[in-house]
Amino acid sequence: MPESPFGFPAPAEQHTRWYDGAAGPMVRPYALTKGRTRPTGREFDLIALVVSDVPDSPELPIGPEHGAILDLCRDNALSVAEIAAETDLPLGVVRVLLGDLLDAEFIRVSRPVPPAMLPDEHILREVINGLRAL
């Protein structure tokens, strides 16, 4: 078998596949996000709810992954974690794609209330005790 000029053996005549036909096309996550690892705006919390603001239109200048996210969120609010699970994409990729959609104003995001803004436990106990006294 002839070798390459660099000393490596020549490739095998028969092409070997390291994935099966059910795997589909193999695309690396960084290719979906164009090498970006973070969204352009604020980070997305796992429990932030996402709703699509775009009607069903095939003319949108978006990729297939963006379109899948819009389809999922069209009629119901889904959390970021649910979107990642439904699209079978890594969470970091979903966050970058959601950032793209938010920048284009295709989605609305309801962020969870920060713990510092929640009422104090002592106040809630006083309210419960007051209601019980009625």
Side-chain angles (χ1 to χ4, degrees):
M1 185 180 320
E3 292 187 1
S4 72
F6 301 105
F8 296 109
E13 293 293 324
Q14 185 180 16
H15 180 67
T16 57
R17 291 175 37 167
W18 53 272
Y19 61 92
D20 61 4
M26 303 295 286
V27 177
R28 296 282 184 213
Y30 60 82
L32 298 175
T33 62
K34 299 178 184 160
R36 296 170 294 150
T37 58
R38 298 193 187 281
T40 54
R42 291 177 47 193
E43 286 286 327
F44 291 93
D45 195 274
L46 284 175
I47 59 173
L49 295 178
V50 179
V51 178
S52 172
D53 274 348
V54 179
D56 190 15
S57 172
E59 301 159 6
L60 296 175
I62 55 175
E65 291 78 19
H66 292 94
I69 292 172
L70 289 176
D71 288 342
L72 283 172
C73 301
R74 184 157 289 121
D75 294 325
N76 57 344
L78 289 177
S79 71
V80 174
E82 289 173 316
I83 293 170
E86 290 291 326
T87 57
D88 199 26
L89 292 171
L91 184 61
V93 171
V94 169
R95 285 178 168 159
V96 172
L97 297 176
L98 287 174
D100 294 345
L101 292 172
L102 187 62
D103 290 346
E105 298 179 352
F106 291 158
I107 59 171
R108 281 181 293 129
V109 180
S110 300
R111 301 185 192 278
V113 177
M117 297 190 70
L118 293 174
D120 187 26
E121 182 181 343
H122 174 71
I123 294 172
L124 294 175
R125 289 193 187 277
E126 290 295 322
V127 169
I128 290 172
N129 291 337
L131 289 172
R132 285 185 182 150
L134 293 175

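With Leu97 as reference, Asp100 is the one residue of Leu101, Val94, Asp100 to meet the side chain to side chain contact (heavy atoms under 4.5 Å, CB included) rule.
No chain of hydrophobic side-chain contacts below 4.5 Å, direct or via other Ile, Leu, Val, Met, Phe, Trp or Tyr residues, connects Val51 to Leu98. If you chain together hydrophobic residues whose side chains sit under 4.5 Å apart, Leu134 and Ile128 never meet in one group. By the criterion of side-chain heavy atoms lying less than 4.5 angstrom apart, applied directly or through intervening Ile, Leu, Val, Met, Phe, Trp or Tyr residues, Leu91 is grouped together with Val93 in one hydrophobic cluster. By the criterion of side-chain heavy atoms lying less than 4.5 angstrom apart, applied directly or through intervening Ile, Leu, Val, Met, Phe, Trp or Tyr residues, Leu102 is grouped together with Leu46 in one hydrophobic cluster.
In Asn129, the CG atom is crowded: over 12 heavy atoms of neighbouring residues, nucleotides or ligands sit closer than 6.0 Å.
Taking CD1 from Ile107 and CG from Leu49, the interatomic distance works out to 11.5 Å, rounded to the nearest 0.5 Å. The distance from atom CZ of Arg95 to atom CD1 of Ile83, rounded to the nearest 0.5 Å, is 11.5 Å.
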